[in-house]
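Throughout, a chain's letter reflects where its sequence line sits, starting with A, and its residues are numbered from 1.
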Protein chains: 2
Amino acid sequence: MSAVVKTKIRVILADDHPVVRDGLAAMVNQQADMEVVAEAGDGEEAIALYEQYRPDVMVLDLRMPKRDGVAVVQRVLELHPKACILIMTTYDGDEDIFQCLSQGAKGYLLKDAPRQEILSAIRAVSEDRPYTSSQVAAKALQRMGKPSLTQRELDVLQLVAEGRSNKDIARRLSITEGTAKTHVKAILTKLDAISRTEAVAVAHKRGLIHL
Amino acid sequence: MSAVVKTKIRVILADDHPVVRDGLAAMVNQQADMEVVAEAGDGEEAIALYEQYRPDVMVLDLRMPKRDGVAVVQRVLELHPKACILIMTTYDGDEDIFQCLSQGAKGYLLKDAPRQEILSAIRAVSEDRPYTSSQVAAKALQRMGKPSLTQRELDVLQLVAEGRSNKDIARRLSITEGTAKTHVKAILTKLDAISRTEAVAVAHKRGLIHL
DNA sequence: GCTGCGGTCCCCCATAAGATAGAGACTCGG
DNA sequence: CCGAGTCTCTATCTTATGGGGGACCGCAGC
């Protein structure tokens with residue numbers, strides 16, 4: 001406990017499952033070169049704790065109550081552009097991956113990653129080196145070239161996914177049925193689907209919507 | 001380490017995420033009255049390790065590679081009707097819950113449960129007392145009274161969820177389009193949906209299909 | 001200025017989907 | 001043996017959906 005000890009990598013964990021936090025905390029704290037300094041159970045807590053502790057690395061789950069992972073990434077990087085964020089989630093849709101990485105997250109891993117990979121990802125990210133597993137990188141590349149949906153189209157897509165009819169969608173968005181159809185057509189074209197139900201399936205697979 | 005130690009509750013963990021296994025293992029092994037004797041990363045391993053160790057409790061995730069949780073519950077209880085299985089998952093669809101409990105799982109918890117609840121659930125199940133959190137129980141009750149789908153309807157539903165047209169479904173199942181429509185109509189009625197897309201949304205929410 | 005893009009609106013038209021009703025064959029359990 | 005449930009098929013009718021266009025406006029950027 002003296003001169004030999006280099007400064008440890010200070011880690012914040014953000015995940016809404018206590019079990020996962022425990023697992024990560026146990027893994028991290030067993031390492032000589034890193035330690036968990038705080039744990040958050042939802043998005044807002046994650047942001048607040050980041051402010052308070054200014055950790056070297058934040059390990060973040062994508063799906064959390066109050067504010068989802070992408071929003072947390074955005075907000076934290078807005079406040080601290082040099083923040084090192086490692087996404088750790090079960091979602092492997094190309095849209096989620098693309099959003100996080102293009103917004104500046106330094107790494108992205110899936111929860112089924114082995115222990116060693118998780119630890120090396122944390123070390124890499126702490127040194128500002130990006131870390132992305134090969135499968136995840138492949139997904140991110142898939143996303144390249146695919147057309148992206150406008151906000152309005154995403155609004156419509158969400159309603160389509162809930163099973164609403166064009167007429168119903170029009171009513172809810174205060175537009176005409178014709179316009180709703182126009183948006184739906186655009187969605188079908190961009191997602192390369194021939195029916196709305198297929199569009200929902202594709203969108204779900206890609207992570208454009210979370211049912 | 002002598003006469004005072006009652007026999008510990010022997011636990012097997014089955015989950016495809018190393019992180020979650022670590023978390024649970026850490027929690028369990030910290031307790032004086034229980035210990036983890038084995039960990040499985042997929043369904044088949046879970047069954048094999050149950051055979052090998054005959055634990056007092058098996059903590060089981062529902063979504064796993066090779067064989068899903070429901071199938072594991074079925075198989076293990078077929079071999080050992082007195083097995084005590086605690087489901088621990090993120091899925092809260094009433095169908096999953098209903099299937100597991102009616103097949104004889106002794107408990108069902110969600111992964112966002114606090115540590116204490118998880119530990120008391122393991123203790124309860126180890127003494128053959130059923131444990132189900134109130135939210136989960138509420139879901140199970142919701143399922144009561146709702147009509148269940150026939151196998152054929154589930155086949156059709158799966159294809160509908162993939163975005164197939166009636167004609168396409170008919171071709172794949174070697175039936176006429178009219179018959180496909182009959183099945184779809186039955187599905188809509190049972191799920192209380194107006195359109196196929198809504199049916200998919202409802203079915204997904206209830207856990208009848210996993211996209 | 002002009003251009004591109006996004007959002008809104010409109011047309012026509014072919015097809016898919018959903019609602020309704022009836023009916024034969026099969027299995028299973030009372 | 002008979003009824004209940006399931007799966008299959010039939011036919012008709014109405015409505016919703018999707019494909020193909022074209023058009024206008026407002027706004028940001030070159």
Could you check whether [X] gets within reach of a base, just the sugar-phosphate, or nothing at all, counting any heavy atom under 4.0 Å?
| X | answer |
| --- | --- |
| B:Thr150 | sugar-phosphate |
| A:Thr179 | base |
| B:Gly178 | base |

To the nearest angstrom, how far is [X] atom [atom1] from [N] atom [atom2]?
| X | N | atom1 | atom2 | result |
| --- | --- | --- | --- | --- |
| A:Glu153 | C:dG7 | CD | P | 6 Å |
| B:Asp155 | D:dC7 | CG | P | 9 Å |
| A:Leu149 | C:dC5 | CG | P | 16 Å |
| B:Ile187 | D:dT6 | CD1 | P | 13 Å |
| B:Arg152 | D:dC7 | CZ | P | 8 Å |
| B:Ile169 | D:dC7 | CD1 | C1' | 16 Å |
| A:Leu173 | C:dC9 | CG | P | 11 Å |
| A:Gln151 | D:dC27 | CD | P | 19 Å |

Practice prompt. May I have all residue pairs that pass salt bridge (Lys or Arg N to Asp or Glu O under 4.0 Å) and include part of residues 130-146 of chain B, sequence neighbours excluded?
Written response: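 Matches after skipping sequence neighbours: B:Asp92-B:Lys139, B:Asp94-B:Lys146, B:Glu95-B:Arg143.
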
Worksheet item: Does the B:Arg10 side chain pair with the main chain of B:Arg54, one donor and one acceptor, at a distance under 3.5 Å?
Response: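 Yes, the answer is positive, given that a donor and an acceptor are paired below the 3.5 Å cut-off.
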
Practice prompt. Ignoring hydrogens and angles, tell me if any N or O in the side chain of A:Glu162 forms a donor-acceptor pair with the backbone of A:Leu159 under 3.5 Å.
Written response: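 Answer holds: no.
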
Worksheet item: Taking for each residue the nucleotide of DNA chain C bearing the nearest heavy atom, is the 5' side occupied by A:Lys190 or by A:Ile175?
Response: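 The 5'-side residue here is A:Lys190.
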
Worksheet entry | Residue B:Asp33 excluded, over 12 heavy atoms near CG under 6.0 Å |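 More than 12 within 6.0 Å, yes.
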
Discussion item. For B:Ile194, I'd like to know if atom CD1 has over 12 heavy atoms of other residues, nucleotides or ligands within 6.0 Å.
Written reply: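 No, not enclosed.
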
Fill in: B:Ser174 vs A:Ile194, nearer the 5' end of DNA chain D by closest nucleotide
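The residue mapped nearer the 5' terminus is B:Ser174.
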
Fill in: Helical bend (five base pairs per end, nearest 10°) for the helix from C:dG1-D:dC30 to C:dG30-D:dC1
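The end-segment axes of the helix from C:dG1-D:dC30 to C:dG30-D:dC1 are tilted 40° relative to each other.
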
Item to complete: Record whether the side chain of B:Thr182 comes under 3.5 Å of the base of D:dC9 through a donor-acceptor pair of N or O atoms.
Response: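 A donor-acceptor contact between them is present.
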
Worksheet item: Quick one: ring pair (Phe, Tyr, Trp, His ring centres under 6.0 Å) partners of A:Tyr91, sequence neighbours excluded?
Response: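 Expected list: A:His210.
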
Worksheet item: So, is B:His183 close to the D:dT6 phosphate, meaning a side-chain N or O under 4.0 Å from OP1 or OP2?
Response: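 No, no such contact exists.
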
May I have the list of side-chain donor-acceptor pairs in residues 66-75 of chain B shorter than 3.5 Å, sequence neighbours left out?
from: B:Asp68; atom 1: OD1; to: B:Val70; atom 2: N; distance (Å): 3.4
from: B:Asp68; atom 1: OD1; to: B:Ala71; atom 2: N; distance (Å): 3.1
from: B:Arg75; atom 1: NH1; to: B:Glu78; atom 2: OE2; distance (Å): 2.9

Worksheet item: Once the angle between the rings of A:Tyr50 and A:His80 is folded into 0 to 90°, is it parallel (under 30°), tilted (30 to 60°) or perpendicular (over 60°)?
Response: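 The rings of A:Tyr50 and A:His80 sit tilted, inter-plane angle from 30° to 60°.
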
Worksheet item: Which atom pair, heavy atoms only, marks the closest approach of B:Gly41 to B:Pro65?
Response: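 In this case the closest contact between B:Gly41 and B:Pro65 is O-CD, 3.8 Å.
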
Fill in: Nucleotide of D:dG19, C:dT8, C:dG18 approaching A:Lys185 most closely (side-chain heavy atoms)
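The closest nucleotide is D:dG19.
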
Discussion item. Could you check whether B:Asp61 pairs with B:Lys111 (Lys NZ or Arg NE/NH1/NH2 to Asp/Glu carboxylate O, under 4.0 Å)?
Written reply: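 Here B:Asp61 pairs with B:Lys111 in a salt bridge, since their nearest N and O are under 4.0 Å apart.
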
Discussion item. Exactly one of A:Ile87, A:Val59, A:Ile118, A:Thr89 should register a side chain to side chain contact (heavy atoms under 4.5 Å, CB included) with A:Leu109. Which one does?
Written reply: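 The option that passes is A:Ile118.
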
Worksheet item: Any luck finding a side-chain donor-acceptor pair between B:Thr179 and B:Thr176 under 3.5 Å?
Response: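 A pair is found: one side chain offers a donor N or O, the other an acceptor, under 3.5 Å apart.
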
Short N/O separations, protein against nucleotides 23-30 of chain C, under 3.5 angstrom:
none

Nucleotide N/O of nucleotides 15-17 of chain D paired with protein N/O under 3.5 Å:
from: D:dA16; atom 1: OP1; to: A:Lys167; atom 2: NZ; distance (Å): 3.2
from: D:dT17; atom 1: OP2; to: A:Asn166; atom 2: N; distance (Å): 3.3
from: D:dT17; atom 1: OP2; to: A:Asn166; atom 2: ND2; distance (Å): 3.4

